[in-house]
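Heads up, the thing below is written out as structure tokens.
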Amino acid sequence: MSDVTTTPPISTPLTAADRCDRCGAAARVRADLPAGGLLLFCRHHFTEHEARLVDLGATVSMPSEELV
Ligand SMILES: [Zn+2]
């Protein structure tokens with residue numbers, strides 16, 4: 001049962017193809033949910049949803065921060 005595919009570790013960098021789930025802008029922040037979901041946000045929408053993500057126990061990373 002250990003070969004069931006699970007959520008990959010947080011090591012995949014965001015690319016130009018990654019888009020904010022809310023508005024379609026380039027994603028700057030990814031949030032991995034403990035339930036297994038993955039959300040992508042632009043900076044604007046991350047700020048808007050940050051409290052909710054913390055509430056959900058999401059693991060937030062900003063892998064492209066320094067590339068902007
Ligand atoms: Zn957005």
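Since the model is a prediction, treat every value here as computed from it, not as a measurement. Worth knowing before you read on, the calculation uses all heavy atoms, side chains too, and leaves out hydrogens, waters and symmetry mates. Numbering of ligands and ligand atoms starts at 1, following listing order.
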Item to check | Distance (rounded to the nearest 0.5 Å) between Thr59 OG1 and Leu38 CG | outcome: 11.0 Å

Checklist entry - Rounded to 10 degrees, what angle sits at the Zn ion (ligand 1) between Cys23 SG and Cys20 SG? => result 110°

Checklist entry - What's the spacing between Arg22 CZ and Leu39 CG if we round to 0.5 Å? => result 6.5 Å

Item to check | Between SG on residue Cys23 and NE2 on residue His44, distance to nearest 0.5 Å | outcome: 7.5 Å

Item to check | the Zn ion (ligand 1) - name of the N/O/S atom of His45 that sits closest to it | outcome: ND1

Checklist entry - Given side chains that start at C-beta, do those of His49 and Phe41 come closer than 4.5 Å, heavy atoms only? => result yes

Item to check | the Zn ion (ligand 1) to nearest N/O/S of His44 less than 2.8 Å | outcome: no

